[in-house]
Number of protein chains: 2
Amino acid sequence: MGTSRGTKPATIGVVAARAGASVASVSRVLNGDERVSPEMRARVEAACRETDYTPNAAARSLRGRTTRQISLVVEDIGNPAYVEAMRSLQDLAREHGMRLLVESTYGQLEEELKVMHDLGERYVDGVVLASTRFADRLTRELRNPAVPVVVIGSAPRDVQVDSVGADARGGAREAATHLREQGCARIAMVNGPVDTLPATSRLEGFRDGLGPDADPPVVHAEAFTHAAGYAATTRLLDSGAAPEGILCANDQLAIGTLNACVDRGLRVPDDVALVGMDNSRDAGICRPRLTSVDLRFADRGRLAGQMLLDRIQGRYDGAPRRQSVYTELVVRGSSDRGGAAA
Amino acid sequence: MGTSRGTKPATIGVVAARAGASVASVSRVLNGDERVSPEMRARVEAACRETDYTPNAAARSLRGRTTRQISLVVEDIGNPAYVEAMRSLQDLAREHGMRLLVESTYGQLEEELKVMHDLGERYVDGVVLASTRFADRLTRELRNPAVPVVVIGSAPRDVQVDSVGADARGGAREAATHLREQGCARIAMVNGPVDTLPATSRLEGFRDGLGPDADPPVVHAEAFTHAAGYAATTRLLDSGAAPEGILCANDQLAIGTLNACVDRGLRVPDDVALVGMDNSRDAGICRPRLTSVDLRFADRGRLAGQMLLDRIQGRYDGAPRRQSVYTELVVRGSSDRGGAAA
DNA sequence: CTGTTAGCGCCTTCAT
DNA sequence: ATGAAGGCGCTAACAG
């Protein structure tokens with residue numbers, strides 16, 4: 001026979017009738033308008049309770065042209081770094097009575113384009129975009145989005161959009177330097193897919209750290225995942241490189257690299273020292289723990305959300321702002337050949 | 001000066017004007033109604049393109065009383081098992097032109113209540129709920145939800161709601177039996193928080209597997225997290241239990257347990273064999289790899305989504321349906337004392 | 001095949 | 001302090 005969901009929800013009109021008031025008064029009470037007598041307020045509130053009234057989000061959105069929803073678009077929600085950004089963003093949204101939608105595009109340009117295009121439907125008030133492959137088409141799409149957009153990560157220089165970057169290049173440089181200081185003779189890099197922005201900047205930083213004369217082996221993984229890191233490292237080791245230190249472009253790759261090394265009987269950090277990037281949750285759950293460059297995704301998620309709210313709530317309406325956070329090398333056991341850290 | 005977002009989006013009215021048609025015709029074209037002449041269709045489509053028209057989601061929702069959004073409510077989005085459910089659910093949603101909202105409640109009853117209450121706003125067409133602590137109040141709330149709800153996990157017997165369970169008790173039993181077969185003399189359990197449903201059923205299964213005469217040590221972690229698993233295991237080992245096998249109530253706890261063992265110099269699986277539950281991504285990223293009971297969260301996410309769509313799209317309107325999936329023990333290195341598996 | 005129109009539920013001037 | 005009424009953008013009758 002079906003559930004009792006048949007009883008359709010009360011509207012503001014029903015509440016008004018029940019309270020012997022006008023819809024306007026009910027609306028005022030609902031929205032905390034001062035200009036209502038205490039008795040009226042009491043009657044309306046009682047009526048709301050009695051009718052189990054809840055405002056209709058669609059009607060409010062249509063009328064108020066605001067949805068109280070924001071969206072986070074990431075490439076792969078399996079990546080713990082994005083999960084951290086998501087979490088802080090969700091907390092922020094909640095503090096402001098907003099909801100968070102999550103779209104995972106799996107690095108498919110088509111998906112990202114579709115998501116950005118759908119923004120025209122205005123089902124969200126704004127978007128935080130964490131994308132690694134800014135193709136030309138997406139760039140163009142971003143020139144005039146229907147709602148505010150804030151990018152987490154490196155936005156191309158010619159794209160005019162708010163962004164919260166991190167000095168990944170500097171972080172990679174520091175990591176490479178650290179590996180040298182640990183006495184690693186040959187240092188290699190397990191990088192991300194060639195066509196991604198992070199791969200570019202992190203490789204630059206890696207080379208910065210090793211100096212212009214070095215010609216270090218670099219392999220590119222097919223994705224920023226454990227499996228891809230494992231496969232890429234296998235290729236690297238099979239090539240006979242025999243590195244004493246490896247910088248991985250993110251922690252997921254580093255975990256894959258760690259496992260590849262372990263499975264070959266290499267001792268970490270004695271035979272080979274490892275450094276990852278992101279300092280995500282992954283870094284603490286392996287043994288040895290992973291040295292990693294903290295790219296502060298949680299902070300950046302919140303910062304991005306704040307910039308977005310500035311736009312949404314009209315507090316800021318100027319030229320695109322580019323924020324950048326400091327990065328920090330967190331040394332743990334995977335690279336500590338002195339023997340101090342765990 | 002601000003961006004060019006000032007140009008407000010075209011409505012169906014301007015498209016109609018531009019095409020020299022009525023709004024009805026435009027609406028028909030938009031919705032694939034057959035009863036329009038090819039010329040009309042062409043004109044309207046051109047006008048849509050020229051005006052860069054995109055339908056307004058709020059107006060459609062208000063009119064059609066459907067939002068094309070569903071929501072996933074989980075306790076902790078940091079748990080990879082939920083991430084898997086989320087992923088498959090998002091894929092399903094996308095296939096049906098729907099969007100997914102994610103709410104992470106961190107096990108706060110207040111948050112869950114609020115989320116369930118907000119459903120009255122009808123900002124989503126339905127909800128998939130993955131909750132571990134069904135308090136009485138939530139149970140009551142669930143008695144008459146504003147939109148369809150499907151539960152992933154064990155719904156209490158007296159709650160009338162669609163659900164997709166897994167035979168966790170049977171899985172735990174199988175895991176305990178497996179540990180016995182591996183020759184573990186003393187077997188302990190690192191369980192989840194006492195007041196959670198999974199903790200109960202998994203403990204039952206664990207006891208089933210060890211037999212009625214056993215009185216195994218059981219510690220309860222404060223949460224289903226790595227850190228809590230580490231802490232609980234430390235307590236267990238400090239108590240002098242010296243188990244040769246440990247069943248952990250989920251993979252996150254198991255990772256924590258693994259690290260606690262490693263940090264104490266215990267060899268896994270030789271000194272102590274470990275089994276987790278969920279068979280999430282975590283199980284494959286540690287060394288040794290984690291033996292785990294597959295609770296099939298990805299499958300269950302999709303199944304839950306399908307049951308939800310059945311309700312939303314009116315294909316099913318009967319009594320609550322309870323599905324349950326089989327579980328499967330996946331043996332890996334952490335418990336393999338024979339020496340076969342990796 | 002095409003157009004006109006009512007109304008989804010709400011907020012907000014504008015009057016009183 | 002309260003009420004009446006228009007309209008947000010769209011779809012689905014209903015009329016022609």
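Below, read A as the first sequence line, B as the second, and so on, with proteins coming before strands; counting in each chain starts at 1.
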Candidates dC10(D), dT2(C), dG9(C) - which lies nearest the side chain of S37(B): dT2(C)

Contact under 4.0 Å: S25(A) side-chain N or O vs dT2(D) OP1/OP2: no

Given DNA chain D, 5'-ward residue of the pair R60(B) and V36(A), judged by closest heavy atom: V36(A)

Separation of atom CZ in R43(A) from atom P in dA1(D), rounded to whole Å: 14 Å

Sugar-phosphate, base or nothing in reach of A21(B), heavy atoms under 4.0 Å: sugar-phosphate

Residues Q90(A) and S104(B): side-chain donor-acceptor under 3.5 angstrom: no

Proximity to the side chain of A24(A) - top-ranked nucleotide from dG9(C), dC10(D), dA4(D): dA4(D)

Distance, rounded to the nearest Å, where I12(A) contributes CD1 and dG7(C) contributes C1': 16 Å

Y123(B) side chain near dG9(C) phosphate (N/O to OP1/OP2, under 4.0 Å): no

Sidechain-backbone polar pair: T105(B) side chain, V74(B) backbone, donor-acceptor under 3.5 Å: yes

Spacing of R68(A) atom CZ relative to dC10(C) atom P, expressed in whole Å: 16 Å

Gap between atoms CG and P, on D33(A) and dT2(D) respectively (whole Å): 11 Å

Rounded interatomic separation in angstrom, taking CG from N31(B) and C1' from dA13(D): 15 Å

Q323(B) versus S163(B), side-chain donor and acceptor atoms under 3.5 Å: no

Nucleotide nearest V23(B) (side chain, heavy atoms from C-beta), chosen from dG9(D), dG3(C), dT4(C): dT4(C)

Sugar-phosphate only, base, or nothing, as touched by R28(B) at under 4.0 Å among non-hydrogen atoms: base

Any donor-acceptor N/O pair, T11(A) side chain to G13(A) backbone, under 3.5 Å: yes

Euclidean distance, atom CZ of residue R65(A) to atom C1' of dG9(D) [Å, nearest integer]: 9 Å

Side chain of S27(A) - closest among dT12(C), dT2(D), dG9(D): dT12(C)

Spacing of N56(A) atom CG relative to dC8(D) atom P, expressed in whole Å: 18 Å

Whole angstrom value for the distance that separates C1' of dA15(D) from CZ of R35(B): 12 Å

Given DNA chain C, 5'-ward residue of the pair Y53(A) and E34(B), judged by closest heavy atom: E34(B)

Given dG3(C), dG9(C), dG3(D), the nucleotide with the shortest approach to the side chain of S22(A): dG3(D)

With D162(A), the side-chain hydrogen bond (donor to acceptor under 3.5 Å, both in side chains) member among R322(A), R321(A), R311(A): R311(A)

